[in-house]
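Notes follow the structure.
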Amino acid sequence: MILLTGATGYIGSHTWLELLLAGYQVLGVDNFVNSSPKALTRLESLSGQKLEFIQGDVCDPAFLESVFQSHPIKGVVHFAALKAVGESSSNPLRYYENNLGGLITLLQIMRAHDCRNFVFSSSACVYGDPDESPVKEDAALRPENPYGQTKFMSEQILRDLEKSDPNWRVAYLRYFNPIGAHESGLIGEDPMGVPNNLSPLVARVASGRMEELKVYGNDWETPDGTGVRDYIHVVDLARGHVKAIDYLLSGKPSLTVNLGTGVGYSVMDVIRAYEEVIGRPIKYQVTARRPGDVALYYADPSLAEALLGWRAERSLKQMCADSWRWQSQNPMGYES
Ligand code: NAD
Ligand code: UD1
């Protein structure tokens, strides 16, 4: 059985479905700090299966102990973390406590139960502003905010643990910019409060929930002057986790890989692709640059392909079409 922490969140819910489709038995846990229990009902109807889920906090050792005592967990995919970059700067202790405290507690309980297969949700933000793109896994690591630091420090903790006990098998998955939703429109990203990321904001403007998009600068050193990122469809990303679990459970050694498409798209490319999907213009206004932003980065995903036999398949247009289906079928997210 595979334990998913943060299972009802954006990437967790899509990964849960893909693991079930691949035949894995899955136990999900989440404390709903940034997700809705309604995702569970949607996942049940999508998978046609009764889900195994327990509500709880990964910072709570008694909770995790009871989970491991009552279930034969062979591997863990650890999504549970807080991820709002801005909030991590205004309240860093909350981020260090939750993201590092949760990780350490989980690893201690895993060790006590002799479970040492671990898939970790890392992020391209460990690279900060990379010297060059495509970014390879051996690029310098210099996170620029407390959230990014928690990912960098989590990687360090795991690497030290591996050194102390070679029985640990860890997949460090560095995600680029996940967007899109399951093609059914039943599960998707449901950010609490005002979103900060480009895709949910474009979706809100498209649906009329927001007046216009702010484009943060068109004077960057990029082909059209707007920021360039490696957007990856969340279902492709979810499938990367299935490959990582297959890989670890087959006894292969730890690995660190970028999960991205290898292609960079600008803010204007995203707006244009979305406009094509909805058949009308997206209202936007160019404003000043957002503090902390970088001009351009995209992944070199070739190591993931070589080691996991995985590569992202879905186009930017599909990402926007699936994002729109989710948004238009669920204008207020899971509360619709
Ligand atoms: P999300 O917020 O949708 O999902 C995280 C889930 O973890 C939420 O359901 C939340 O309720 C849960 N959670 C948080 N703290 C918890 C705790 N202490 N105990 C139990 N549950 C807890 O975020 P997501 O986009 O699905 O991200 C999943 C993981 O991937 C996170 O670790 C995130 O940092 C990482 N990541 C995300 C992105 C991205 O752009 N979405 C990029 C890189 C890395
Ligand atoms: C953000 C986080 C990063 C995290 C990543 C994926 C910041 C500073 N960085 O990165 O740590 O790993 O999300 O979750 O928050 N844009 C606009 N208008 C908007 C919103 C965004 O023009 O209203 C632009 C940005 O300037 C950027 C691009 O769109 O060029 C993508 O932005 P976003 O979706 O926030 O992702 P990142 O900046 O890559």
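What's counted below: heavy atoms across the whole structure, side chains too, no hydrogens, waters or symmetry copies. When a ligand or atom number is given, it counts from 1 through the structure's own listing order. Sequence positions, counted from 1, serve as the residue numbers for this chain.
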Query - Under-4.0 Å salt bridge between Arg289 and Asp219 - result: yes

May I have a table of the N/O to N/O pairs between ligand 2 and the protein that fall below 3.5 Å, each row giving the two atom names and the distance to 0.1 Å?
{"unit_1": "ligand 2", "atom_1": "12 (O)", "unit_2": "Ser123", "atom_2": "OG", "d": "3.4"}
{"unit_1": "ligand 2", "atom_1": "13 (O)", "unit_2": "Asn197", "atom_2": "ND2", "d": "3.0"}
{"unit_1": "ligand 2", "atom_1": "18 (N)", "unit_2": "Lys214", "atom_2": "O", "d": "2.6"}
{"unit_1": "ligand 2", "atom_1": "22 (O)", "unit_2": "Lys214", "atom_2": "O", "d": "3.4"}
{"unit_1": "ligand 2", "atom_1": "22 (O)", "unit_2": "Tyr216", "atom_2": "N", "d": "2.9"}
{"unit_1": "ligand 2", "atom_1": "23 (O)", "unit_2": "Lys214", "atom_2": "O", "d": "3.4"}
{"unit_1": "ligand 2", "atom_1": "26 (O)", "unit_2": "Asp293", "atom_2": "OD2", "d": "2.5"}
{"unit_1": "ligand 2", "atom_1": "32 (O)", "unit_2": "Arg290", "atom_2": "NH2", "d": "3.4"}
{"unit_1": "ligand 2", "atom_1": "34 (O)", "unit_2": "Asn197", "atom_2": "ND2", "d": "3.4"}
{"unit_1": "ligand 2", "atom_1": "34 (O)", "unit_2": "Leu198", "atom_2": "N", "d": "2.8"}
{"unit_1": "ligand 2", "atom_1": "35 (O)", "unit_2": "Asn197", "atom_2": "ND2", "d": "2.9"}
{"unit_1": "ligand 2", "atom_1": "35 (O)", "unit_2": "Arg290", "atom_2": "NH1", "d": "3.3"}
{"unit_1": "ligand 2", "atom_1": "35 (O)", "unit_2": "Arg290", "atom_2": "NH2", "d": "2.8"}
{"unit_1": "ligand 2", "atom_1": "36 (O)", "unit_2": "Asn177", "atom_2": "ND2", "d": "3.2"}
{"unit_1": "ligand 2", "atom_1": "38 (O)", "unit_2": "Arg229", "atom_2": "NH2", "d": "3.4"}
{"unit_1": "ligand 2", "atom_1": "38 (O)", "unit_2": "Arg290", "atom_2": "NH2", "d": "2.9"}
{"unit_1": "ligand 2", "atom_1": "39 (O)", "unit_2": "Asn177", "atom_2": "ND2", "d": "2.9"}
{"unit_1": "ligand 2", "atom_1": "39 (O)", "unit_2": "Arg229", "atom_2": "NE", "d": "2.6"}
{"unit_1": "ligand 2", "atom_1": "39 (O)", "unit_2": "Tyr297", "atom_2": "OH", "d": "3.4"}

Report summary line: shortest atom 31 (C) of ligand 1-to-protein heavy-atom contact is with Phe79 O, 3.1 Å

Report task. With heavy atoms under 4.0 Å as the rule, classify the contact between Lys151 and ligand 1 as side chain, backbone, both or neither. Result -> side chain

Query raised in the report: Which residue supplies the protein heavy atom nearest to atom 5 (C) of ligand 1, what is that atom called, and how far is it?
Result: Ala81 O, 3.9 Å

Query - Location of contacts on Tyr147 toward ligand 1, heavy atoms closer than 4.0 Å - result: side chain

Query raised in the report: Could you give all pairs that pass the salt bridge (Lys or Arg N to Asp or Glu O under 4.0 Å) test and reach residues 197-216, with sequence neighbours left out?
Result: Glu211-Lys283

Query raised in the report: Using the benzene-type ring in the case of Trp, are the ring centres of Tyr274 and Tyr231 under 6.0 Å apart?
Result: no

Report summary line: Judged by heavy atoms only, the candidate from Val85, Asn99, Asp30 nearest atom 9 (O) of ligand 1 is Asp30

Query raised in the report: Which ligand 1 atoms are under 4.0 Å away from a heavy-atom of Ser35?
Result: 8 (C), 9 (O), 11 (O)

Query raised in the report: Looking only at heavy atoms of Pro178, does any of them come nearer than 4.0 Å to an atom of ligand 1?
Result: yes

**Report entry** Arg169 side chain near Phe118 side chain, heavy-atom distance below 4.5 Å
**Finding:** no

Query raised in the report: Thinking salt bridges, do Glu183 and Arg325 make one under a 4.0 Å N-O criterion?
Result: no

Requested in this report: Using a strict 4.0 Å cut-off to heavy atoms of Gly9, name the atoms of ligand 1 that fall inside it.
Outcome: 3 (O), 4 (O), 9 (O), 26 (O)

**Report entry** contact_flag Gly56 ligand 1 heavy-atom lt 4.0 Å
**Finding:** yes

Report summary line: Checking heavy atoms under 4.0 Å, the part of Cys125 that sits near ligand 1 is neither

Query raised in the report: Is Asp322 salt-bridged to Lys317, cutoff N-O under 4.0 Å?
Result: no

Query raised in the report: In terms of atom number and element, which parts of ligand 1 are under 4.0 angstrom from non-hydrogen atoms of Ser121?
Result: 29 (C), 30 (O), 32 (O), 35 (C)

Query raised in the report: Which heavy atom of the protein is the closest neighbour of atom 15 (N) of ligand 1, given with residue, atom name and distance?
Result: Asn98 ND2, 3.1 Å

Query raised in the report: Phe32 heavy atoms, cut-off 4.0 Å: which ligand 1 atoms fall inside?
Result: 11 (O)

**Report entry** Any donor-acceptor pair under 3.5 Å from Arg229 side chain to Phe176 backbone
**Finding:** no

Query - salt_bridge(Asp246, Lys243) N-O dist < 4.0 Å - result: no

Query raised in the report: For Arg159, does the CZ atom have more than 12 heavy-atom neighbours from other residues, nucleotides or ligands under 6.0 Å away?
Result: yes

Query - Ring centroid separation Tyr24 to His241 under 6.0 Å - result: no

Query raised in the report: Does a side chain donor of either Glu87 or Tyr147 reach within less than 3.5 Å of an acceptor in the other side chain?
Result: no

Query raised in the report: With a 4.0 Å cut-off on heavy atoms, does Gly101 reach ligand 1?
Result: no

**Report entry** Between Thr256 and Glu137: side-chain donor-acceptor atoms closer than 3.5 Å
**Finding:** no

Query raised in the report: Below 4.0 Å from any atom of ligand 1, is there a heavy atom belonging to Glu189?
Result: no

